Structures are given as C-alpha cells and as structure tokens.
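The model shown is predicted, which means the values in this text are computed figures rather than measured ones. Here, residue 1 is the first one in the sequence, and each next residue gets the next number.
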Amino acid sequence: MVLLGTLINAVLIVVGTFIGRALRNIPEKMKETVMYAIGLAVVVLGLQMGFESQNFIVVIISLVLGAVIGEWMNLDGKLNDFGHWLEDVMGAKKESKGSIAQGFVTATLIFVIGAMGIIGALESGLSNEHGVLISKGLIDGFTSIILASTLGIGVMLAAIPVFVYQGLIALFATQISLIIPDAALDMFITEMTATGGVMIVAIGLNMICLTKIRVANLLPGVLVVGLIVTVIYKMNLG
C-alpha cells in the first residue's frame, strides 16, 4: 500500500494530539515555560537544517523571492482564514476561538516543512518502503503531544495537509523520478532543507513571542529553490 507510511504519519499526529489534550490541565506558568522550551528546541532544529546548505546564496534568494510572492498572495492570511473556517465547522466555543487556528497553522508549518516528508514519500512511492515516514510519524506524534498540551485541539487538524502533501508525492513518485535526475533531486533536497530550516527558526521565534513573522508567506521559497536548482543543474551540464 503506497500510502501506508503517509497514513501512519497522519494517525500518529491525531493520537499525539489526544494524548496532549489529556495533559492540558497543567498550571499556566508551566504551560508558558513548556511553550518557550518547545520554541527554543524548534529554533535549534531549524538552525541544524539551515547549516546543511551547500550554497547559502540559493537559500537567501529563495527566501526573498518567496517572501515577495507569499506576501502578494497573502498565504499567511489564507491559511489562518482556513483555520478559522475549521473552527466554525467544528463549532468551537467562543473562548477557544483563535486557538484552534493557531494550533493548526503552527503544527502544519512544523510538520510540512522539511526534507523528511519528501524523502519518505518518494521511498513509499518508489519501493513501497515506509520506514522514513513511520519514523517521521513518531517524531510528529511526540511533537503533537507537546504542542497540543499548550496550543489545543487544532494541532490534530495538521494531519490533513500532511496526508495530502505526502500522499501526492508518494502517488506521483515514479513520474517524479523519471523527470528529475538524481543529482538534481539531491541538490534540491539539500537546499530545500536549509531554506525550510530558516522558516522553522522563524516558527520557533514566533512561539517564544520574540517575533511575529508571517512564516506561511515564506513557503513559496521552496518552489523558488526548485527553479534555482534547475538553472544551476542545467548550467553545470552545459
């Protein structure tokens, strides 16, 4: 089953959220400190990813152009609007309005950004092996426990974009491998990981309330990475 790894990943996010909600009745000061701890850990994770770049100019250009495109399209606003729509669909109480959207947006950005999902989905689609995605699912599940204990039930909804995103890659993995040479794909994954790492640093800074960066507006940078890598690869061939 090609989508088995993706399905397990999504289910573990849901399970982790329910466990996290069971731990929600902790003192507010403890919640605040835990959130800061998570934010700091997320920053460190993002820095580790960012340092993987082999050509940081690609990362800078991708982030700048991605930010321009994202602001023009107002992706952050649209993602938050979708989160608020989900609140209405779920019949959220007035006191929980906004928290579901915040949990959904934060968790989605953390779980979707990164190379592990792409690599794992390609592995699932090409060889029907799901080890990478199951490992990612365990990591995401543990993370969702922590996030849900402070951000609420909205974290669970991040399982939807994770399933769609990774599922599509898995389903079209054969076509992707035929179109994109291995060398170009490896270069893309390296620079995409670094670009995503900078975005994850921004998420962590937002979580500890140091910044209010509209991280979703940086997401087109991932596509820009693909375009730049394509140009570099073709130039190297020439």
Side-chain angles (χ1 to χ4, degrees), residues 10 13 17 35-36 38-47 49-50 53 58-90 92 94 96-118 140 143-144 146-148 150-169 191-228:
I13 290 172
T17 300
M35 179 57 68
Y36 287 157
I38 297 169
L40 291 171
V42 169
V43 169
V44 173
L45 172 64
L47 289 173
M49 293 170 62
S53 174
V58 173
V59 176
I60 295 172
I61 295 174
S62 299
L63 287 169
V64 171
L65 294 180
V68 171
I69 297 169
E71 286 291 338
W72 175 66
M73 296 178 66
N74 190 27
L75 292 179
D76 189 82
K78 289 180 171 61
L79 190 57
N80 277 284
D81 288 344
F82 182 63
H84 291 307
W85 176 78
L86 289 174
E87 287 180 334
D88 294 334
V89 170
M90 295 175 65
K94 186 176 181 180
S96 64
K97 285 283 186 178
S99 62
I100 292 179
Q102 182 189 5
F104 165 72
V105 172
T106 302
T108 296
L109 292 171
I110 291 174
F111 296 152
V112 169
I113 295 173
M116 205 169 183
I118 294 177
D140 290 351
T143 305
S144 67
I146 308 300
L147 290 177
T150 52
L151 294 179
I153 199 69
V155 173
M156 175 183 68
L157 301 175
I160 299 171
V162 167
F163 182 81
V164 172
Y165 162 69
Q166 293 176 181
L168 287 174
I169 294 175
E191 301 308 327
M192 186 275 292
T193 298
T195 303
V198 176
M199 297 181 198
I200 287 178
V201 169
I203 294 169
L205 293 176
N206 284 350
M207 291 176 70
I208 58 179
C209 304
L210 284 181
T211 58
K212 292 185 179 180
I213 300 170
R214 294 182 289 275
V215 181
N217 286 347
L218 301 177
L219 288 176
V222 174
L223 298 177
V224 177
V225 170
L227 293 175
I228 295 175

Shortest non-hydrogen contact between Val59 and Val198, atoms and distance: CG1-CG2, 4.1 Å

Apply the test side-chain contact (heavy atoms from CB on, under 4.5 Å) to residues Ile110 and Ile200: give CA-CA distance (whole Å), side-chain angles for both, the deciding distance (0.1 Å), then the verdict. CA-CA 7 Å; Ile110 291 174; Ile200 287 178; 5.9 Å; no

Calculate, to the nearest 0.5 Å, the distance between atoms CD1 and OG1 belonging to Ile228 and Thr195 respectively. 8.0 Å

Show your reasoning for whether side-chain contact (heavy atoms from CB on, under 4.5 Å) applies to Val162 and Val112. CA-CA 6 Å; Val162 167; Val112 169; 4.1 Å; yes

Which heavy atom of Glu191 sits nearest to which heavy atom of Ser53, and what is that distance? OE1-OG, 2.7 Å

Of all the heavy-atom pairs spanning Asn80 and Val105, show the shortest one and how long it is. OD1-CG2, 3.8 Å

What are the two closest heavy atoms between Val155 and Ala107, and how far apart are they? CG1-CB, 3.8 Å

Any side-chain heavy-atom pair from Thr17 and Ile153 closer than 4.5 angstrom? yes

How long is the gap from CG on Leu219 to CG on Leu79, to the nearest 0.5 Å? 8.0 Å

OH (Tyr36) and OG1 (Thr150) are apart, to the nearest 0.5 Å, by 12.0 Å

Identify the heavy atoms of Ile118 and Met192 that sit nearest to each other, and give their distance. CD1-CE, 3.0 Å

First locate atom CG of Leu45, then atom CD1 of Ile203, and finally report the distance between them rounded to the nearest 0.5 Å. 9.5 Å

Taking the side chain as C-beta and beyond, is there a heavy-atom pair between Val222 and Met199 under 4.5 Å? yes

Please find the pair of heavy atoms, one from Ile213 and one from Ala202, that lie closest to each other, and give the distance. CD1-CB, 3.8 Å

Is it the case that the side chain of Asn217 and the backbone of Leu75 share a donor-acceptor pair, with hydrogens and angles ignored and the cut-off at 3.5 Å? yes

From CZ (Phe82) to OG1 (Thr108), nearest 0.5 Å: 8.5 Å

Checking Phe111 against Thr143 for the side-chain contact (heavy atoms from CB on, under 4.5 Å) test, could you report, in this order, the C-alpha distance in whole Å, the side-chain angles of both residues, the deciding distance, and whether it holds? CA-CA 9 Å; Phe111 296 152; Thr143 305; 3.9 Å; yes

Are side-chain heavy atoms of Leu227 and Leu65 found at a separation under 4.5 Å? no

Non-hydrogen side-chain atoms of Leu147 and Met207 separated by less than 4.5 Å: yes

What's the spacing between Glu71 CD and Asp76 CG if we round to 0.5 Å? 8.0 Å

